[in-house]
Structures are given as C-alpha cells and as structure tokens.
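Being a predicted model, the structure only gives us computed values, none of them experimental.
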Amino acid sequence: MSQAVPAHDSHANVSPQTYPPRKAVFGWILFDWAAQPYFSLITTFVFAPYFATHVAANPASGQAMWGFATAAAGLVIALLSPVLGAIADAGGRRKPWIAAFGALFVIGASIMWIGKPGDTSVILPLLIAFGIATVGIEFATVFNNAMMPTLVPPERIGRLSGTGWAAGYVGGILSLILVLGFLAASGETGRTLFGFAPLFGLDPATHEGDRITGPLSGLWFIIFVLPMFLFTPDRAAKAPALGAVREGLRELCETLSTLPRQPRMLTFLIANMVYTDALVALFAFGGIYAAGTFGWQTLQIGTFGILAAFSGTLGAWIGGKLDDRFGPKVVIAGSMSILLLACAAILSIDRDTLFFVFKVAPPQPGKLFGSPAEQAYLVLGFLIGMAAGPMQAASRTLLIRLAPKDRITQFFGLFALSGKVTSFMAPLVVSIVTAVTMSQKAGMAVLVVFFSAGLLLLSRVRA
C-alpha cells in the first residue's frame, strides 16, 4: 500500500510534469496526416460523389443510400466509443487500440475497390465496407486524441490541435493531387487533370481511378501512422485486459451518473452533438450536392476539394493560434457562424441562379468552373474549409480544458459519443427529406437548422 505524502511536504515531493521530445509530437501530428485522405478521398470529394452518380441509379437515391450508411456507422461509433474509452483509461495503453482499429479501417477501405459503375449487386457490400472503414478510423481517432495532454503543456494544447488538423488537411490536399493528377482520368479524354494517362493502367471507362481511392487511403494510413507508433510514447499498462474492462465500465457508469452535476461539460457535449451532426452531413453531401447540381465529375469535385482542403489547412493553423489567445469557445462560435451562413448561401445557388433572384449563364460542358454559379460555390467551399478545421480542432481542446485528466480517454469517448450518438440523425434527416422530395436542395436545407441549434447551445457553455 502506498504511503500518503504529509501535507507540509506535498509541494516538495511533487515533481513538475515532463513532456516528450519533439519527435514524439511530430509522430502524433502525423496521425491526422495519415487519416485525412480517407475523409478527403472517400467520404467527401471522390468516392462518395462517384457512388451517387455512377454506382447508384441516380444522384438523389445515391445521396440517400450513402446517408443511411453514414448514419449506421455513426450509431455503432456512438454506442461503443465511451465504453472503449473507459476501458482504455483503466488499462492505460492507447496504441494497441489504435493498431486494432487502424487494421479494421484498412480492411474496409481496401474492399471499396469492388464498387464498379452500374453494378447494383455491389451496392450493399460496398456500403458495408464503407461502414467498417468509418468505424475503424473514427475509433482509432478517439484513442489518438486522448494522447494530447501528455505531449505538450496546457497552454500549447490549442496550437497542437490546430497543427494536427492543418497537417491532416495538407495530407488530404496531396492525396487529392495524387489521385486527380495521376490516377483518375476523365471518361471523355482518358487523361488526368495534369494531362497524363492514368498510372498502373487504371481504366477510365470503369472508373478505376475513383475506386482506387479506397485501397490508396488504407496504404497511406499504414505508411504515415508508423512514426506515431515508433516515436510517440504510450501510457504504461495499469491493469490486465479483463480487469481493465471491469474497472473501465465501473468508471464509465460513475462518470455518466455525475454528468448532470457537471453542467458545463454536459451542455458542451450536447452542443458538440448537434453541430458535429451538421458538419458530418455537410462533408458527406457537399460533393454529392455539387455533382447533382452542376453535373461535376471527379476532376471538378476533386479540384474543389483541393481548394477546400487548402483553406482548411490555413484555417486550422490560424485557428490554433486564436484558440490559445482567445479560447476555444470563441473559435468554435465564430467558425460555426461562418458555416451557417455558407450553408444558407449554398441553398440560394442553382445551375443558372445566384441568391435566388439573379439569372446567370449555366455551366458549359468542358469548361472548368466557367459559370458564375460554379464560381460562387467555389468561394463558399473555401469559406467552409476555413471554418471547419478550426471548429473541429478547437472542440477537442475545449474538451481537454473541461475534462478531468485521469479520465481523458473516457471523456474523449463521450466526446466521440456526443459527436456520433446522433451523427446518424443529420445524414438520416437529409436522406429522408431528399428521398421524399427527390430534391437535393430540400435535403441540404436541414443543415441550417442543425447549425443554428448548435450555435445556440454553445452560447450557454461557460468555458
């Protein structure tokens, strides 16, 4: 039994916390770099629009099916994240969990190669593979986030979080350039964005350049997550596996029972639940919406994605500095206000209409972003990227400032829970409204309501 330290000696016997060297921080930051191509290539800019326009019968039904799959994966993540986080806190180590769920992600992403155009028999297994990959990468992210407080002092958490998000966006940009410039070719010309024939003999007719994004995301993750495993220290094991399960579940029940007595944390988790719902749906359907509205193909959507990712990089880096200076709540609120206005503006744009009333020339075939409506959508995409990165980075730093340090993974599990417990809701409502009205615009209008509610709830959080 450990001996208590006498009160008069307590300060003398408490040594200041030490932090690992820079290579450990660098290894941690590379996790975001390793994971981001999945979100850029699969869920937003390449594979999701390809699925809606070429695998599904039509863009509206494709948007609906993709939304249902996103919702199902979100429900699984919501139910299990806090449980796994509590078990990890009790057991101590995080890397084994990251490795296990990273492997699950790689398997699911690689299977997505089967999504051949017009083959309805692959729709169900393709959506299942997408769900598996999503669950894997999201769970791995929960445990990676929980390592942050051990890497830098509290006053640098905001900058670390922002730098991680910025690095992720740079990885997303490079992966998009790789796909658009060298792998995915136009079905009309057989050439990539850079004018090359696709590498490895990828066939434009069967959209192999779009389908390769699944295996590519998995391979990218394997390569770039290695520095985190090699250089970033893990916590020491505190309990054997079975004991960690029992202790973790006990602590989780205790934490949940005390949440009503922690109004700041509870309100923040509810706010995060609502605005993350909206952001998930915005990322899931932004490219699909552009494909259905403007007829964009992979090259146009991917170029749009590069622009959005570039602005996300800049926004996350600036947001990290603003976070340390003004606090994460200010950054989240400002970012959400921009997203709310951008969503409202998107609804006012059509193929030949700007802001509901101004008639403009429609998109011209073969001309890249030649119409005013397309150019306005690009500007809005830039704003969305600038706001999304800081909002997500500042959310995890606000969680760190509110949560007890000895249960940080558990609270990141609850953070993931709040971000996922209804994360199926916004995609589900968008999908239902789209399916009922057969209008992509009507489905996207749901996001304005979600962002407005999230902003209202956040205003009640005392940081």
Chemist: Applying side-chain contact (heavy atoms from CB on, under 4.5 Å), run through Trp66 and Phe47 and close with a yes or a no.
Modeler: CA-CA 11 Å; Trp66 194 261; Phe47 198 92; 3.9 Å; yes
Chemist: Which value, rounded to the nearest 0.5 Å, describes the distance between Ile223 atom CD1 and Leu30 atom CG?
Modeler: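 Going from CD1 on Ile223 over to CG on Leu30, the span is 12.0 Å.
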Chemist: State, to 0.1 Å, how close Pro96 and Asp234 come at their nearest heavy-atom pair, and which atoms those are.
Modeler: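 Here Pro96 and Asp234 meet closest at CD-OD2, 3.7 Å.
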Chemist: Which heavy-atom pair separates Pro37 from Gly171 by the least distance, and what is that distance?
Modeler: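 Pro37 and Gly171 have their closest heavy atoms at CG-O, 4.0 Å.
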Chemist: Is there side-chain contact between Val46 and Leu176, with heavy atoms separated by less than 4.5 Å?
Modeler: yes
Chemist: Could you tell me if the side chain of Val429 sits less than 4.5 Å from the side chain of Val433, heavy atoms only?
Modeler: yes
Chemist: Rounded to the nearest 0.5 Å, what's the gap from CG on Leu126 to CZ on Arg211? Could you check?
Modeler: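 These two atoms lie 10.0 Å from each other.
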Chemist: Val274 and Ala453: which non-hydrogen atoms are nearest, and at how many Å?
Modeler: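 Reported closest heavy-atom pair: CG1-CB, 3.9 Å.
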Chemist: Could you report the tightest heavy-atom contact between Glu138 and Phe39, atom names first, then the distance?
Modeler: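 The answer is OE2-CE2, 3.8 Å.
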Chemist: Rounded at 0.5 Å granularity, tell me how far CD1 in Ile137 sits from OG1 in Thr43.
Modeler: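 One finds 10.5 Å between CD1 of Ile137 and OG1 of Thr43.
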Chemist: Looking at Asn58, is its backbone amide N or carbonyl O close enough to the side chain of Ser61 to form a donor-acceptor pair, meaning the two atoms are under 3.5 Å apart?
Modeler: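 At least one qualifying donor-acceptor pair exists.
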Chemist: List, one per line, each side-chain donor-acceptor pair under 3.5 Å for residues 102-119, sequence neighbours excluded.
Modeler:
residue, atom, partner, partner atom, Å
Ser110, OG, Val106, O, 2.8
Asp119, OD1, Ser121, N, 3.1
Asp119, OD1, Ser121, OG, 2.5
Asp119, OD2, Ser121, OG, 3.4

Chemist: Apply side-chain contact (heavy atoms from CB on, under 4.5 Å) to the pair Ser395 and Leu399, showing each step before the final yes or no.
Modeler: CA-CA 6 Å; Ser395 293; Leu399 183 280; over 6 Å; no
Chemist: Stepwise, does the side-chain contact (heavy atoms from CB on, under 4.5 Å) test hold for Trp220 with Gln36?
Modeler: CA-CA 10 Å; Trp220 184 288; Gln36 182 60 38; over 6 Å; no
Chemist: Checking Thr53 now: which residues fulfil side chain to side chain contact (heavy atoms under 4.5 Å, CB included) with it, not counting sequence neighbours?
Modeler: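 By the side chain to side chain contact (heavy atoms under 4.5 Å, CB included) rule, Thr53 matches Pro59, Ala291.
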Chemist: Testing the basics here: between Val179 and Gly209, what is the closest heavy-atom pair and its distance to 0.1 Å?
Modeler: CG1-O, 4.0 Å
Chemist: Quick one: does Phe51's side chain get under 4.5 Å of Ile123's, heavy atoms only?
Modeler: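 The answer is yes, as the side chains (C-beta and beyond) meet within the 4.5 Å cut-off.
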Chemist: Has the side chain of Asp210 got a donor or acceptor atom that lies under 3.5 Å from a matching backbone atom of Tyr50?
Modeler: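 Not confirmed, Asp210 side chain does not pair with Tyr50 backbone.
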Chemist: Quick one: salt bridge (Lys or Arg N to Asp or Glu O under 4.0 Å) pairs with a partner in residues 28-41, sequence neighbours left out?
Modeler: Asp32-Arg396
Chemist: With sequence neighbours excluded, what pairs up with Ala388 under the side chain to side chain contact (heavy atoms under 4.5 Å, CB included) test?
Modeler: Tyr169, Leu279, Phe283, Gln392
Chemist: Evaluate the side-chain proximity of Ile77 to Val142: yes if any heavy-atom separation is below 4.5 Å, no if none is.
Modeler: no
Chemist: Applying side-chain hydrogen bond (donor to acceptor under 3.5 Å, both in side chains), name anything that partners Ser337, two or more places apart in sequence or on another chain.
Modeler: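 Partners of Ser337 under the side-chain hydrogen bond (donor to acceptor under 3.5 Å, both in side chains) test: none.
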Chemist: Name all residues meeting the side chain to side chain contact (heavy atoms under 4.5 Å, CB included) criterion together with Ser459; count only those two or more places apart in sequence or in a different chain, and write none if there are none.
Modeler: Leu456
Chemist: Can you sort out the partners of Phe68 under ring pair (Phe, Tyr, Trp, His ring centres under 6.0 Å), two or more places apart, ordered by chain and number?
Modeler: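 With sequence neighbours excluded, Phe68 shows a ring pair (Phe, Tyr, Trp, His ring centres under 6.0 Å) to no residue whatsoever.
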Chemist: Hey, is the main chain of Met273 close enough, under 3.5 Å, to the side chain of Thr276 for a donor-acceptor pair?
Modeler: no
Chemist: Does Lys329 use its side chain to pair, donor to acceptor, with the backbone of Leu398 at less than 3.5 Å?
Modeler: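 No: the side chain of Lys329 does not pair with the backbone of Leu398.
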Chemist: Would a 4.5 Å heavy-atom cut-off, applied to side chains only, mark Leu41 and Leu216 as touching?
Modeler: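 A side-chain contact under 4.5 Å exists here.
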Chemist: Atom OH of Tyr377 and atom CD of Glu374: how far apart are they, to the nearest 0.5 Å?
Modeler: 11.0 Å
Chemist: I'd like to check the side-chain hydrogen bond (donor to acceptor under 3.5 Å, both in side chains) partners of Trp33; sequence neighbours left out, ordered by chain and number.
Modeler: none
Chemist: Going through the distances and angles, do Thr397 and Leu160 end up as a side-chain contact (heavy atoms from CB on, under 4.5 Å)?
Modeler: CA-CA 9 Å; Thr397 62; Leu160 173 65; over 6 Å; no
Chemist: If a pair satisfies ring pair (Phe, Tyr, Trp, His ring centres under 6.0 Å) and one of its residues is in residues 306-336, list it, with sequence neighbours excluded.
Modeler: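 Of all non-adjacent pairs touching residues 306-336, none passes ring pair (Phe, Tyr, Trp, His ring centres under 6.0 Å).
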Chemist: Please enumerate all residues that pass side-chain hydrogen bond (donor to acceptor under 3.5 Å, both in side chains) together with Thr213, with sequence neighbours excluded.
Modeler: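 With neighbours one apart ignored, the set is empty.
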Chemist: Would you call Tyr275 and Ile332 a side-chain contact if the rule is heavy atoms closer than 4.5 Å?
Modeler: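 Answer yes - side chains close enough.
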Chemist: Can you list everything that forms a side-chain hydrogen bond (donor to acceptor under 3.5 Å, both in side chains) with Thr192? Sequence neighbours excluded, please.
Modeler: none
Chemist: Please determine, by modelled atom types, if Asn144 and Thr141 share a side-chain donor-acceptor pair under 3.5 angstrom.
Modeler: no
Chemist: Looking at Gly385 and Ser311, what are the two nearest heavy atoms and their distance?
Modeler: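 Heavy atoms of Gly385 and Ser311 come nearest at CA-OG, 3.3 Å.
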Chemist: State, with a plain yes or no, whether a side-chain heavy atom of Leu282 is found less than 4.5 Å away from one of Cys343.
Modeler: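 A side-chain contact under 4.5 Å exists here.
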Chemist: Flag the pair Met391 / Val331 as yes when at least one side-chain heavy-atom distance between them is below 4.5 Å, and no otherwise.
Modeler: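 Of all side-chain heavy-atom pairs linking Val331 with Met391, none is under 4.5 Å.
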Chemist: Residues in ring pair (Phe, Tyr, Trp, His ring centres under 6.0 Å) with Phe139, at least two apart?
Modeler: Phe101
Chemist: In Å and rounded to the nearest 0.5 Å, what is the CD to CG distance from Gln375 to Leu378?
Modeler: 7.5 Å
Chemist: Say you draw a straight line from CE of Met386 to CD1 of Ile338; how long is it, rounded to the nearest 0.5 Å?
Modeler: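 Atom-to-atom, Met386:CE and Ile338:CD1 are 7.0 Å apart.
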